[in-house]
2 protein chains.
Amino acid sequence: MAEDRRTRRSRRALGAALIELVLERGFTALTVEDITERADVARATFYAHFRDKEDLFARVTADLLAGLSERLAPAVADSAVGFTGKPVLEMLRHAREERDLYRIVLRGEGDGKPLQMFADACARATAEEFRARAERNAVEPRIDPELLARVWVGEQLGVLRWWVEQETPSLPAEEVVRMLLDLAMRGRYWASGFEPSA
Amino acid sequence: MAEDRRTRRSRRALGAALIELVLERGFTALTVEDITERADVARATFYAHFRDKEDLFARVTADLLAGLSERLAPAVADSAVGFTGKPVLEMLRHAREERDLYRIVLRGEGDGKPLQMFADACARATAEEFRARAERNAVEPRIDPELLARVWVGEQLGVLRWWVEQETPSLPAEEVVRMLLDLAMRGRYWASGFEPSA
DNA sequence: GCTGTTTACATACAGAGTGTTCAATAACTT
DNA sequence: AAGTTATTGAACACTCTGTATGTAAACAGC
(Lines give C-alpha, C1' and ligand atoms only; values in the text may rest on other atoms or scores of the structure.)
Protein backbone atom coordinates (compact mmCIF):
# COMPACT_ATOMS: atom_id res chain seq x y z
CA MET A 1 0.00 0.00 0.00
CA ALA A 2 2.62 2.51 -1.11
CA GLU A 3 0.19 5.13 -2.28
CA ASP A 4 -2.95 5.18 -4.33
CA ARG A 5 -2.22 5.99 -7.97
CA ARG A 6 -5.16 8.39 -8.14
CA THR A 7 -3.76 10.37 -5.25
CA ARG A 8 -0.40 10.69 -6.93
CA ARG A 9 -1.94 11.67 -10.25
CA SER A 10 -4.09 14.38 -8.67
CA ARG A 11 -1.30 15.79 -6.53
CA ARG A 12 1.16 15.91 -9.39
CA ALA A 13 -1.33 17.41 -11.80
CA LEU A 14 -2.19 20.13 -9.32
CA GLY A 15 1.42 20.90 -8.58
CA ALA A 16 2.31 21.09 -12.26
CA ALA A 17 -0.72 23.25 -12.98
CA LEU A 18 0.24 25.62 -10.21
CA ILE A 19 3.75 26.06 -11.59
CA GLU A 20 2.49 26.69 -15.10
CA LEU A 21 -0.09 29.19 -13.99
CA VAL A 22 2.13 31.10 -11.60
CA LEU A 23 4.58 31.65 -14.43
CA GLU A 24 1.77 32.82 -16.66
CA ARG A 25 -0.24 35.05 -14.35
CA GLY A 26 1.48 35.25 -10.98
CA PHE A 27 0.49 33.54 -7.75
CA THR A 28 -1.97 36.02 -6.31
CA ALA A 29 -3.95 36.31 -9.51
CA LEU A 30 -4.81 32.61 -9.42
CA THR A 31 -7.98 31.06 -8.10
CA VAL A 32 -8.30 27.50 -6.93
CA GLU A 33 -10.59 26.89 -9.84
CA ASP A 34 -7.97 28.11 -12.30
CA ILE A 35 -5.62 25.50 -10.92
CA THR A 36 -8.08 22.62 -10.88
CA GLU A 37 -9.23 23.47 -14.36
CA ARG A 38 -5.69 23.40 -15.73
CA ALA A 39 -5.00 20.19 -13.85
CA ASP A 40 -8.25 18.70 -15.12
CA VAL A 41 -9.40 17.84 -11.63
CA ALA A 42 -12.57 18.64 -9.70
CA ARG A 43 -12.41 21.54 -7.29
CA ALA A 44 -13.54 19.31 -4.43
CA THR A 45 -10.56 17.09 -5.10
CA PHE A 46 -8.22 20.01 -4.54
CA TYR A 47 -9.56 20.50 -1.04
CA ALA A 48 -9.24 16.79 -0.38
CA HIS A 49 -5.47 17.24 -0.71
CA PHE A 50 -4.65 20.82 0.23
CA ARG A 51 -6.05 23.40 2.59
CA ASP A 52 -5.69 26.24 0.09
CA LYS A 53 -3.40 27.38 -2.68
CA GLU A 54 -0.65 28.54 -0.35
CA ASP A 55 -0.65 25.08 1.15
CA LEU A 56 -0.12 23.57 -2.28
CA PHE A 57 2.62 26.05 -3.02
CA ALA A 58 4.29 25.37 0.30
CA ARG A 59 4.43 21.64 -0.44
CA VAL A 60 5.77 22.15 -3.92
CA THR A 61 8.56 24.37 -2.67
CA ALA A 62 9.28 22.07 0.25
CA ASP A 63 9.80 19.25 -2.22
CA LEU A 64 12.15 21.41 -4.20
CA LEU A 65 14.18 22.26 -1.14
CA ALA A 66 14.34 18.61 -0.15
CA GLY A 67 15.62 17.77 -3.61
CA LEU A 68 18.24 20.48 -3.36
CA SER A 69 19.62 19.48 -0.01
CA GLU A 70 19.73 15.88 -1.16
CA ARG A 71 21.93 16.92 -4.07
CA LEU A 72 23.97 19.27 -1.96
CA ALA A 73 24.89 16.85 0.79
CA PRO A 74 27.80 15.09 -0.97
CA ALA A 75 29.15 18.33 -2.46
CA VAL A 76 29.23 20.06 0.90
CA ALA A 77 30.99 17.11 2.50
CA ASP A 78 33.66 17.35 -0.21
CA SER A 79 34.58 21.00 -0.08
CA ALA A 80 34.77 21.06 3.71
CA VAL A 81 35.32 24.79 4.16
CA GLY A 82 34.17 27.51 1.77
CA PHE A 83 30.87 27.05 0.02
CA THR A 84 31.72 28.80 -3.20
CA GLY A 85 32.72 25.87 -5.35
CA LYS A 86 31.18 22.45 -5.67
CA PRO A 87 28.01 23.24 -3.70
CA VAL A 88 27.24 26.32 -5.75
CA LEU A 89 27.89 24.45 -8.95
CA GLU A 90 25.54 21.72 -7.83
CA MET A 91 22.87 24.28 -7.04
CA LEU A 92 23.18 25.82 -10.48
CA ARG A 93 22.72 22.41 -12.05
CA HIS A 94 19.69 21.79 -9.92
CA ALA A 95 18.33 25.17 -10.92
CA ARG A 96 18.81 24.35 -14.57
CA GLU A 97 16.72 21.20 -14.22
CA GLU A 98 13.98 22.85 -12.19
CA ARG A 99 14.17 26.21 -13.85
CA ASP A 100 10.47 27.02 -13.78
CA LEU A 101 10.15 26.50 -10.07
CA TYR A 102 13.38 28.34 -9.37
CA ARG A 103 12.08 31.29 -11.29
CA ILE A 104 8.91 31.31 -9.28
CA VAL A 105 10.59 31.05 -5.94
CA LEU A 106 13.30 33.57 -6.74
CA ARG A 107 10.72 36.06 -7.94
CA GLY A 108 9.32 35.95 -4.46
CA GLU A 109 5.95 34.59 -5.54
CA GLY A 110 3.59 33.50 -2.81
CA ASP A 111 4.45 36.39 -0.52
CA GLY A 112 8.11 35.52 -0.88
CA LYS A 113 7.99 33.44 2.25
CA PRO A 114 9.87 30.41 0.90
CA LEU A 115 12.56 32.65 -0.52
CA GLN A 116 13.08 34.69 2.60
CA MET A 117 13.14 31.63 4.78
CA PHE A 118 15.70 29.99 2.55
CA ALA A 119 17.81 33.13 2.46
CA ASP A 120 17.71 33.56 6.21
CA ALA A 121 18.62 29.94 6.81
CA CYS A 122 21.58 30.24 4.45
CA ALA A 123 22.68 33.47 6.07
CA ARG A 124 22.57 32.04 9.56
CA ALA A 125 24.54 28.97 8.54
CA THR A 126 27.09 31.03 6.64
CA ALA A 127 27.56 33.49 9.48
CA GLU A 128 28.17 30.58 11.83
CA GLU A 129 30.73 29.18 9.43
CA PHE A 130 32.54 32.50 9.24
CA ARG A 131 32.59 32.83 13.00
CA ALA A 132 33.94 29.32 13.32
CA ARG A 133 36.74 30.12 10.90
CA ALA A 134 37.70 33.22 12.82
CA GLU A 135 37.69 31.19 16.01
CA ARG A 136 39.79 28.46 14.44
CA ASN A 137 42.42 30.84 13.16
CA ALA A 138 42.29 33.04 16.22
CA VAL A 139 41.79 36.14 14.10
CA GLU A 140 39.69 39.17 14.80
CA PRO A 141 37.85 39.57 11.47
CA ARG A 142 37.87 43.07 10.06
CA ILE A 143 34.48 42.43 8.50
CA ASP A 144 31.50 41.57 10.65
CA PRO A 145 30.67 37.89 9.99
CA GLU A 146 26.98 38.64 9.99
CA LEU A 147 27.42 41.25 7.30
CA LEU A 148 29.75 39.02 5.37
CA ALA A 149 27.15 36.28 5.39
CA ARG A 150 24.49 38.63 4.02
CA VAL A 151 26.85 39.74 1.33
CA TRP A 152 27.52 36.18 0.35
CA VAL A 153 23.90 35.07 0.31
CA GLY A 154 22.71 38.20 -1.44
CA GLU A 155 25.33 37.70 -4.09
CA GLN A 156 24.41 34.08 -4.68
CA LEU A 157 20.71 34.76 -4.90
CA GLY A 158 21.16 37.76 -7.14
CA VAL A 159 23.27 35.83 -9.57
CA LEU A 160 21.03 32.79 -9.41
CA ARG A 161 17.95 34.81 -10.15
CA TRP A 162 19.61 36.45 -13.11
CA TRP A 163 20.87 33.13 -14.37
CA VAL A 164 17.52 31.33 -14.29
CA GLU A 165 15.62 34.25 -15.75
CA GLN A 166 17.62 34.22 -18.96
CA GLU A 167 15.99 32.41 -21.83
CA THR A 168 19.23 30.65 -22.68
CA PRO A 169 21.98 31.21 -20.11
CA SER A 170 24.69 33.53 -21.40
CA LEU A 171 27.22 31.68 -19.28
CA PRO A 172 27.51 27.96 -18.43
CA ALA A 173 27.29 27.06 -14.78
CA GLU A 174 31.00 26.29 -14.60
CA GLU A 175 31.89 29.77 -15.83
CA VAL A 176 29.63 31.39 -13.27
CA VAL A 177 31.24 29.48 -10.44
CA ARG A 178 34.71 30.35 -11.68
CA MET A 179 33.89 34.03 -11.76
CA LEU A 180 32.30 33.97 -8.33
CA LEU A 181 35.35 32.29 -6.89
CA ASP A 182 37.60 34.79 -8.59
CA LEU A 183 35.53 37.63 -7.20
CA ALA A 184 35.57 36.24 -3.69
CA MET A 185 39.32 35.92 -3.70
CA ARG A 186 40.50 39.06 -5.38
CA GLY A 187 37.67 41.54 -4.99
CA ARG A 188 35.58 43.36 -7.43
CA TYR A 189 37.76 46.26 -8.48
CA TRP A 190 40.70 44.06 -9.26
CA ALA A 191 38.42 41.69 -11.10
CA SER A 192 37.15 44.33 -13.48
CA GLY A 193 40.60 45.77 -13.93
CA PHE A 194 40.20 49.10 -12.20
CA GLU A 195 41.35 50.92 -9.17
CA PRO A 196 38.81 52.06 -6.58
CA SER A 197 37.44 55.52 -7.21
CA ALA A 198 35.54 56.98 -4.27
CA MET B 1 -6.04 75.27 -4.93
CA ALA B 2 -3.03 73.20 -3.94
CA GLU B 3 -4.99 70.24 -2.62
CA ASP B 4 -8.00 69.70 -0.44
CA ARG B 5 -7.02 69.08 3.17
CA ARG B 6 -9.53 66.21 3.46
CA THR B 7 -7.95 64.47 0.50
CA ARG B 8 -4.52 64.68 2.08
CA ARG B 9 -5.79 63.45 5.42
CA SER B 10 -7.51 60.45 3.91
CA ARG B 11 -4.63 59.50 1.65
CA ARG B 12 -2.06 59.76 4.40
CA ALA B 13 -4.17 57.88 6.89
CA LEU B 14 -4.71 55.06 4.42
CA GLY B 15 -1.04 54.87 3.52
CA ALA B 16 0.03 54.82 7.15
CA ALA B 17 -2.58 52.18 7.97
CA LEU B 18 -1.35 50.02 5.13
CA ILE B 19 2.23 50.14 6.35
CA GLU B 20 1.24 49.29 9.90
CA LEU B 21 -0.94 46.41 8.88
CA VAL B 22 1.45 44.91 6.36
CA LEU B 23 4.08 44.74 9.07
CA GLU B 24 1.61 43.12 11.41
CA ARG B 25 -0.11 40.59 9.16
CA GLY B 26 1.45 40.71 5.71
CA PHE B 27 0.04 42.24 2.57
CA THR B 28 -2.04 39.41 1.17
CA ALA B 29 -3.81 38.80 4.46
CA LEU B 30 -5.25 42.30 4.44
CA THR B 31 -8.69 43.33 3.25
CA VAL B 32 -9.62 46.81 2.18
CA GLU B 33 -11.87 47.03 5.20
CA ASP B 34 -8.96 46.23 7.52
CA ILE B 35 -7.13 49.18 6.09
CA THR B 36 -10.03 51.64 6.20
CA GLU B 37 -10.86 50.58 9.72
CA ARG B 38 -7.32 51.20 10.92
CA ALA B 39 -7.24 54.50 9.07
CA ASP B 40 -10.63 55.41 10.50
CA VAL B 41 -12.04 56.11 7.09
CA ALA B 42 -15.11 54.85 5.29
CA ARG B 43 -14.60 52.02 2.85
CA ALA B 44 -16.21 54.03 0.07
CA THR B 45 -13.62 56.72 0.62
CA PHE B 46 -10.86 54.23 -0.08
CA TYR B 47 -12.26 53.55 -3.52
CA ALA B 48 -12.55 57.25 -4.17
CA HIS B 49 -8.76 57.42 -3.99
CA PHE B 50 -7.43 54.03 -5.02
CA ARG B 51 -8.50 51.28 -7.33
CA ASP B 52 -7.59 48.51 -4.90
CA LYS B 53 -5.02 47.74 -2.26
CA GLU B 54 -2.24 47.05 -4.73
CA ASP B 55 -2.85 50.49 -6.17
CA LEU B 56 -2.43 52.05 -2.75
CA PHE B 57 0.71 50.01 -2.17
CA ALA B 58 2.10 50.98 -5.54
CA ARG B 59 1.68 54.66 -4.77
CA VAL B 60 3.22 54.38 -1.36
CA THR B 61 6.28 52.64 -2.75
CA ALA B 62 6.48 55.03 -5.69
CA ASP B 63 6.65 57.90 -3.20
CA LEU B 64 9.42 56.13 -1.35
CA LEU B 65 11.40 55.64 -4.52
CA ALA B 66 10.92 59.25 -5.48
CA GLY B 67 12.21 60.29 -2.08
CA LEU B 68 15.20 58.02 -2.46
CA SER B 69 16.26 59.24 -5.87
CA GLU B 70 15.85 62.81 -4.70
CA ARG B 71 18.30 62.17 -1.89
CA LEU B 72 20.60 60.17 -4.11
CA ALA B 73 20.99 62.71 -6.88
CA PRO B 74 23.67 64.90 -5.26
CA ALA B 75 25.58 61.92 -3.85
CA VAL B 76 25.78 60.23 -7.23
CA ALA B 77 26.97 63.43 -8.86
CA ASP B 78 29.75 63.63 -6.28
CA SER B 79 31.24 60.18 -6.48
CA ALA B 80 31.27 60.15 -10.28
CA VAL B 81 32.41 56.57 -10.78
CA GLY B 82 31.84 53.67 -8.38
CA PHE B 83 28.56 53.58 -6.47
CA THR B 84 29.83 52.00 -3.30
CA GLY B 85 30.46 55.06 -1.19
CA LYS B 86 28.38 58.18 -0.77
CA PRO B 87 25.31 56.89 -2.61
CA VAL B 88 25.13 53.74 -0.54
CA LEU B 89 25.62 55.68 2.65
CA GLU B 90 22.80 58.00 1.65
CA MET B 91 20.56 55.05 0.96
CA LEU B 92 21.27 53.57 4.38
CA ARG B 93 20.33 56.85 6.00
CA HIS B 94 17.14 56.98 4.00
CA ALA B 95 16.39 53.42 5.05
CA ARG B 96 16.91 54.30 8.68
CA GLU B 97 14.33 57.05 8.44
CA GLU B 98 11.79 54.99 6.53
CA ARG B 99 12.60 51.69 8.14
CA ASP B 100 9.08 50.29 8.22
CA LEU B 101 8.52 50.77 4.52
CA TYR B 102 11.95 49.49 3.67
CA ARG B 103 11.25 46.34 5.63
CA ILE B 104 8.03 45.83 3.76
CA VAL B 105 9.51 46.35 0.34
CA LEU B 106 12.62 44.30 1.01
CA ARG B 107 10.54 41.43 2.31
CA GLY B 108 8.99 41.32 -1.12
CA GLU B 109 5.49 42.10 0.12
CA GLY B 110 2.89 42.82 -2.50
CA ASP B 111 4.06 40.12 -4.86
CA GLY B 112 7.56 41.53 -4.63
CA LYS B 113 6.97 43.57 -7.73
CA PRO B 114 8.39 46.87 -6.45
CA LEU B 115 11.46 45.08 -5.16
CA GLN B 116 12.14 43.16 -8.33
CA MET B 117 11.63 46.17 -10.49
CA PHE B 118 13.98 48.21 -8.36
CA ALA B 119 16.56 45.45 -8.37
CA ASP B 120 16.37 45.00 -12.12
CA ALA B 121 16.65 48.71 -12.75
CA CYS B 122 19.73 48.89 -10.53
CA ALA B 123 21.26 45.87 -12.20
CA ARG B 124 20.78 47.26 -15.68
CA ALA B 125 22.26 50.61 -14.74
CA THR B 126 25.17 48.98 -12.96
CA ALA B 127 25.92 46.63 -15.83
CA GLU B 128 25.95 49.60 -18.18
CA GLU B 129 28.35 51.41 -15.89
CA PHE B 130 30.68 48.42 -15.80
CA ARG B 131 30.62 48.08 -19.56
CA ALA B 132 31.34 51.77 -19.93
CA ARG B 133 34.35 51.44 -17.65
CA ALA B 134 35.71 48.53 -19.61
CA GLU B 135 35.22 50.50 -22.79
CA ARG B 136 36.93 53.54 -21.34
CA ASN B 137 39.97 51.63 -20.16
CA ALA B 138 40.07 49.42 -23.23
CA VAL B 139 40.17 46.30 -21.09
CA GLU B 140 38.56 42.95 -21.71
CA PRO B 141 36.94 42.30 -18.32
CA ARG B 142 37.60 38.86 -16.89
CA ILE B 143 34.23 38.95 -15.19
CA ASP B 144 31.04 39.30 -17.21
CA PRO B 145 29.67 42.80 -16.51
CA GLU B 146 26.16 41.45 -16.33
CA LEU B 147 27.12 38.96 -13.65
CA LEU B 148 29.15 41.55 -11.83
CA ALA B 149 26.14 43.83 -11.72
CA ARG B 150 23.97 41.10 -10.26
CA VAL B 151 26.60 40.39 -7.66
CA TRP B 152 26.73 44.02 -6.70
CA VAL B 153 22.98 44.53 -6.51
CA GLY B 154 22.39 41.25 -4.71
CA GLU B 155 25.01 42.17 -2.19
CA GLN B 156 23.55 45.62 -1.54
CA LEU B 157 20.02 44.35 -1.15
CA GLY B 158 21.04 41.45 1.03
CA VAL B 159 22.94 43.71 3.40
CA LEU B 160 20.23 46.34 3.34
CA ARG B 161 17.56 43.84 4.22
CA TRP B 162 19.59 42.49 7.09
CA TRP B 163 20.33 45.97 8.31
CA VAL B 164 16.74 47.22 8.39
CA GLU B 165 15.40 44.02 9.91
CA GLN B 166 17.54 44.36 13.02
CA GLU B 167 15.75 45.88 15.99
CA THR B 168 18.69 48.16 16.70
CA PRO B 169 21.38 48.06 14.00
CA SER B 170 24.48 46.23 15.17
CA LEU B 171 26.59 48.46 12.94
CA PRO B 172 26.23 52.16 12.11
CA ALA B 173 25.70 53.02 8.47
CA GLU B 174 29.23 54.38 8.13
CA GLU B 175 30.74 51.09 9.30
CA VAL B 176 28.64 49.13 6.82
CA VAL B 177 29.79 51.26 3.94
CA ARG B 178 33.41 50.98 5.02
CA MET B 179 33.20 47.19 5.10
CA LEU B 180 31.46 47.01 1.75
CA LEU B 181 34.14 49.15 0.19
CA ASP B 182 36.84 47.05 1.76
CA LEU B 183 35.17 43.91 0.46
CA ALA B 184 34.84 45.28 -3.03
CA MET B 185 38.49 46.18 -3.20
CA ARG B 186 40.24 43.27 -1.58
CA GLY B 187 37.80 40.39 -1.86
CA ARG B 188 36.16 38.25 0.69
CA TYR B 189 38.85 35.75 1.62
CA TRP B 190 41.45 38.37 2.26
CA ALA B 191 38.89 40.36 4.21
CA SER B 192 38.16 37.58 6.65
CA GLY B 193 41.82 36.69 6.93
CA PHE B 194 41.85 33.31 5.21
CA GLU B 195 43.14 31.64 2.14
CA PRO B 196 40.71 30.12 -0.36
CA SER B 197 39.94 26.51 0.28
CA ALA B 198 38.16 24.78 -2.59
C1' DG C 1 -19.29 85.00 7.08
C1' DC C 2 -21.61 83.29 2.90
C1' DT C 3 -21.78 80.21 -1.17
C1' DG C 4 -20.93 76.92 -4.53
C1' DT C 5 -18.00 72.98 -4.91
C1' DT C 6 -15.78 68.94 -3.38
C1' DT C 7 -15.13 65.19 -0.23
C1' DA C 8 -16.61 61.90 3.20
C1' DC C 9 -20.06 58.95 4.76
C1' DA C 10 -23.39 55.01 5.37
C1' DT C 11 -25.77 51.81 3.00
C1' DA C 12 -27.04 48.71 -0.44
C1' DC C 13 -26.00 45.67 -4.29
C1' DA C 14 -24.38 42.12 -7.59
C1' DG C 15 -20.56 39.24 -8.59
C1' DA C 16 -16.51 36.25 -7.58
C1' DG C 17 -14.08 33.23 -4.87
C1' DT C 18 -13.72 30.42 -0.69
C1' DG C 19 -13.96 26.32 2.00
C1' DT C 20 -17.27 22.64 3.46
C1' DT C 21 -20.53 18.89 2.95
C1' DC C 22 -22.73 15.01 0.67
C1' DA C 23 -24.29 11.12 -2.03
C1' DA C 24 -23.26 8.79 -6.25
C1' DT C 25 -19.78 6.95 -9.17
C1' DA C 26 -15.39 5.41 -10.60
C1' DA C 27 -10.76 3.64 -9.79
C1' DC C 28 -7.74 1.35 -7.13
C1' DT C 29 -5.55 -2.54 -4.03
C1' DT C 30 -5.15 -7.10 -2.48
C1' DA D 1 -14.35 -10.31 -7.25
C1' DA D 2 -14.91 -7.69 -3.04
C1' DG D 3 -13.96 -4.15 -0.21
C1' DT D 4 -11.77 0.10 0.24
C1' DT D 5 -10.71 4.68 -1.10
C1' DA D 6 -10.61 8.69 -4.27
C1' DT D 7 -13.03 11.55 -7.46
C1' DT D 8 -16.89 14.03 -8.89
C1' DG D 9 -20.52 17.57 -9.35
C1' DA D 10 -23.68 20.03 -6.95
C1' DA D 11 -25.22 22.88 -3.31
C1' DC D 12 -24.30 25.75 0.68
C1' DA D 13 -23.15 29.89 3.64
C1' DC D 14 -19.70 33.11 3.90
C1' DT D 15 -16.33 36.87 2.97
C1' DC D 16 -14.51 40.25 0.15
C1' DT D 17 -14.76 43.06 -3.83
C1' DG D 18 -15.88 47.02 -6.54
C1' DT D 19 -19.67 50.17 -7.79
C1' DA D 20 -23.48 53.26 -7.11
C1' DT D 21 -26.33 55.90 -4.30
C1' DG D 22 -28.27 60.28 -1.62
C1' DT D 23 -27.10 62.96 2.29
C1' DA D 24 -24.22 65.45 5.44
C1' DA D 25 -20.03 67.69 6.29
C1' DA D 26 -15.79 70.20 5.19
C1' DC D 27 -13.57 72.99 2.28
C1' DA D 28 -11.66 77.26 -0.81
C1' DG D 29 -12.39 81.73 -2.51
C1' DC D 30 -14.59 85.86 -2.32
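Chain identifiers are assigned alphabetically (A, B, ...) following the order of the sequence lines, protein sequences preceding nucleic acid strands; residue numbering begins at 1 within each chain. Computation of the quantities below employed the complete heavy-atom set of this structure, encompassing side-chain atoms and omitting hydrogens, waters and symmetry-equivalent molecules.
- Taking every side-chain heavy atom of B:R6 into account, C:dT7 is the closest of C:dG19, C:dT7, D:dG9.
- Taking atom CD of residue A:E33 and atom P of nucleotide C:dG19, one finds them 13 Å apart after rounding to whole Å.
- Regarding B:L56, its CG atom lies at a distance of 12 Å from the P atom of D:dG18, rounded to whole Å.
- Of the candidate nucleotides D:dT8, D:dT7, D:dT19, D:dT8 has the atom nearest to the side chain of A:V41.
- Closest approach to the B:R43 side chain among C:dA12, D:dT7, C:dT7 is made by C:dA12 (side chain taken as heavy atoms from C-beta onward).
- If you check C:dC9, C:dC28, D:dT8 against the side chain of A:A44, the one that comes closest is D:dT8.
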Run the side-chain contact (heavy atoms from CB on, under 4.5 Å) check on A:I143 and A:F130 step by step: do they pass?
CA-CA 10 Å; A:I143 309 283; A:F130 287 147; over 6 Å; no
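- Listed nucleotides D:dG18, C:dC9, C:dT7 differ in distance to B:T45; the shortest reach to its side chain belongs to C:dC9.
- Residues A:Y102 and A:H94 are in side-chain contact: their nearest non-hydrogen atoms beyond the backbone lie under 4.5 Å apart.
- Rounded to an integer number of Å, the gap from B:R5 CZ to C:dT6 C1' is 14 Å.
- Remark: P of D:dG3 and CG of A:D4 are 18 Å apart, rounded to the nearest angstrom.
- Residue A:H49 is the one, among A:H49 and B:D34, whose nearest nucleotide of DNA chain D lies closer to the 5' end (criterion: closest heavy atom).
- At the heavy-atom level, B:T31 lies under 4.0 Å from the strands shown only through sugar-phosphate atoms.
- In this entry the distance linking CZ of B:R12 with P of C:dA8 reads 14 Å, nearest Å.
- Between B:R43 and B:D34 there is no salt bridge, since no side-chain nitrogen of the basic residue lies less than 4.0 Å from a carboxylate oxygen of the acidic one.
- Whole-Å rounding puts the B:E3 CD to C:dT7 P distance at 9 Å.
- A:E37 places its CD atom 13 Å from the P atom of C:dT18, with the value rounded to the nearest Å.
- A salt bridge is absent between B:R11 and B:D4: the closest approach of a Lys/Arg side-chain nitrogen to an acidic carboxylate oxygen does not fall below 4.0 angstrom.
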Report all side-chain donor-acceptor pairs from residues 48-55 of chain B shorter than 3.5 Å, counting only partners two or more places apart or in another chain.
| unit_1 | atom_1 | unit_2 | atom_2 | d |
| --- | --- | --- | --- | --- |
| B:D52 | OD1 | B:E54 | N | 3.3 |
| B:D52 | OD1 | B:D55 | N | 3.0 |
| B:K53 | NZ | B:F27 | O | 2.9 |
| B:K53 | NZ | B:T28 | O | 3.4 |
| B:K53 | NZ | B:L30 | O | 2.9 |
| B:D55 | OD1 | B:R59 | NE | 3.4 |
| B:D55 | OD2 | B:R51 | N | 2.9 |
| B:D55 | OD2 | B:R59 | NH2 | 3.4 |

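- Within the 4.0 Å cut-off from OP1 or OP2 of D:dG18, at least one side-chain nitrogen or oxygen of B:Y47 is found.
- Rounded to an integer number of Å, the gap from A:D40 CG to C:dA27 P is 13 Å.
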